[in-house]
Engineer: 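I am attaching a structure below and will ask some questions about it afterwards.
Being a predicted model, the structure only gives us computed values, none of them experimental.
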Amino acid sequence: MSETMRAVVVNEFGGPKVLKLGEVPMPKVVNSDTLVRVHAAGLNPIDVKTRAGKGASGAIERMPWVPGGEFAGVVEKAPYELAPFQPGDEVYGMLLTPRYQGAHGDYVSVPFMSLAHKPTSLTMLEAGGVPLAALTAWAAVVEAARVHSGQRMLVHAGAGGVGHFAVQLAAFYGAEVVTTASSRNHDWLTELGASQVIDYTSERFEEAIDEPVDVVIDLIGNVHDNTGSRSLGVLRDGGLVVNVPTGSWPTMHEEAEAAGRELRASTLKLSPEGRILTTIAQLFDQGDLQTHLDASFPLGQARAAHEQLEQGHTRGKIVFDLTAG
């Protein structure tokens, strides 16, 4: 096997133009690491933020940095003979960058606890855009919000990568789901389980919601139109807001406390847990969860992929196809 591989690399922080397609050393395989040949890898807002010098950039100790926190592929090398994933197994998973070299390259080395068997109902391209986004939605909706039947939940940006999973998970577990999205996504989000879809381009969500909600899953924060701050007004007394995008609402806790009414507020961090990905795969394979692939790009078009995600109108996911060109 070659000592190097193809990957998207960042040598300096900045706009999409800093992205290069280059050769980097093969990832190291130690302890419980499993070597996976990547077939598809999702692009997420954290990749864009970190490339620009925000996000997880403070943890990058050396350049070049390879982005990418989710992938689908085939196991190339197992850590030991009876490890749960063996060569030839189709898997999908998440890894923490920059602790591990990112997935926007031909191979990843990842602990087997962060892997699961790929949903059989999904193609590699579809599966490659699932793990980080779906685990984020799970952490927010299932773990932080403790979703249950009869709960009212507002999900901001319901048509996005995390959002479309959050809407489905909340509906699957019995919550009444309100979400915000542009008009072109209304019918689609209704099909995914939303009971009310608010067009944020023409309506103020706080005016369109006629009954307080128990939980707000905030996937925007205050980076657009003070969405986070405005969300406090639609919560019932004792309600919860979960703010997901890192650094998007720095004054959340102070504002929630100042609002009174015993409001609760939490940021969110997630772990790449394969056991949850196994459950998510079961939901896909039994038809209770679906994903939407908005666009796919070869690695050589990383700039175009980042530019499209930055425009903010992606429905579902953008994925790199590592089998193309």
Engineer: Is Arg152 paired with Asp214 through a side-chain N to carboxylate O contact shorter than 4.0 Å?
Structural biologist: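 The answer is no: the pair does not qualify as a salt bridge.
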
Engineer: Residues in side chain to side chain contact (heavy atoms under 4.5 Å, CB included) with Ala59, at least two apart?
Structural biologist: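 Checked Ala59 against side chain to side chain contact (heavy atoms under 4.5 Å, CB included); matches are Pro98.
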
Engineer: Between the side chains of Asn243 and Thr267, is a donor N or O closer than 3.5 angstrom to an acceptor N or O?
Structural biologist: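 Note: Asn243 and Thr267 side chains miss the donor-acceptor criterion.
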
Engineer: Does Arg51 come within less than 4.0 Å of Glu310, counting only side-chain N to carboxylate O?
Structural biologist: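 Yes.
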
Engineer: Measure the CE-OG distance between Met26 and Ser2 for me, rounded to the nearest 0.5 Å.
Structural biologist: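 Those atoms lie 7.5 Å apart.
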
Engineer: Between Thr190 and Leu192, is any pair of side-chain heavy atoms under 4.5 Å apart?
Structural biologist: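 Side-chain contact under 4.5 Å: no.
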
Engineer: Contact between Asn185 and Val197 at the side-chain level, heavy atoms closer than 4.5 Å - yes or no?
Structural biologist: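 With C-beta onward as the side chain, the pair stays apart.
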
Engineer: Only counting residues at least two apart or in another chain, list the ones meeting side chain to side chain contact (heavy atoms under 4.5 Å, CB included) with Ala305.
Structural biologist: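 For Ala305 the side chain to side chain contact (heavy atoms under 4.5 Å, CB included) partners, ignoring immediate neighbours, are Leu43, Phe297, Ile318, Phe320.
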
Engineer: Given side chains that start at C-beta, do those of His306 and Val48 come closer than 4.5 Å, heavy atoms only?
Structural biologist: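 They are in side-chain contact.
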
Engineer: Can you give the donor-acceptor pairs under 3.5 Å from side chains of residues 64-75 to other protein atoms, not counting sequence neighbours?
Structural biologist:
from	atom 1	to	atom 2	distance (Å)
Glu70	OE1	Leu132	N	2.7
Glu70	OE1	Ala133	N	3.3
Glu70	OE2	Asn44	ND2	2.9
Glu70	OE2	Lys317	NZ	2.3

Engineer: Indicate yes or no: at least one non-hydrogen side-chain atom of Arg303 is less than 4.5 angstrom from one of Lys20.
Structural biologist: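 Side-chain contact under 4.5 Å: yes.
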
Engineer: Output all residues satisfying side chain to side chain contact (heavy atoms under 4.5 Å, CB included) with Ala171, sequence neighbours left out; order by chain, then residue number.
Structural biologist: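 If we apply the side chain to side chain contact (heavy atoms under 4.5 Å, CB included) test to Ala171, skipping adjacent residues, the hits are Val177.
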
Engineer: List for me each residue that meets side chain to side chain contact (heavy atoms under 4.5 Å, CB included) alongside Glu206, sequence neighbours excluded, and say none if there are none.
Structural biologist: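 Here the qualifying residues are Arg204, Arg230, Val234.
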
Engineer: Does a side chain donor of either Asp199 or Thr201 reach within less than 3.5 Å of an acceptor in the other side chain?
Structural biologist: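 Checked: Asp199/Thr201 side chains pair up, N/O donor to acceptor below 3.5 Å.
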
Engineer: Can you pull the ring-ring contact (aromatic ring centres under 6.0 Å, His included) pairs that have at least one residue in residues 175-230, sequence neighbours excluded?
Structural biologist: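 Non-adjacent pairs meeting ring-ring contact (aromatic ring centres under 6.0 Å, His included): His156-Phe205, His164-Trp188, Trp188-His292.
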
Engineer: Have Asn222 and Ser229 got a donor and an acceptor in their side chains that come within less than 3.5 Å?
Structural biologist: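 Judged by distance alone, the side chains do pair up.
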
Engineer: Give, for atom CG of Asp321 and atom CG of Leu293, the distance between the pair rounded to the nearest 0.5 Å.
Structural biologist: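 Going from CG on Asp321 over to CG on Leu293, the span is 9.5 Å.
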
Engineer: How close do Ala139 and Leu270 get, heavy atom to heavy atom, and via which atoms?
Structural biologist: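 Shortest heavy-atom contact: CB-CB, 4.4 Å.
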
Engineer: About how many Å separate OG1 of Thr34 and CG of Asp89, when rounded to the nearest 0.5 Å?
Structural biologist: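 That separation rounds to 10.0 Å.
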
Engineer: Should Glu23 and Arg6 count as side-chain neighbours, where that means a heavy-atom distance under 4.5 Å?
Structural biologist: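 SC-SC contact between Glu23 and Arg6 confirmed.
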
Engineer: Does the side chain of Glu273 pick up a donor-acceptor pair with the side chain of Trp138 at under 3.5 Å?
Structural biologist: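 There is no such pair between these side chains.
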
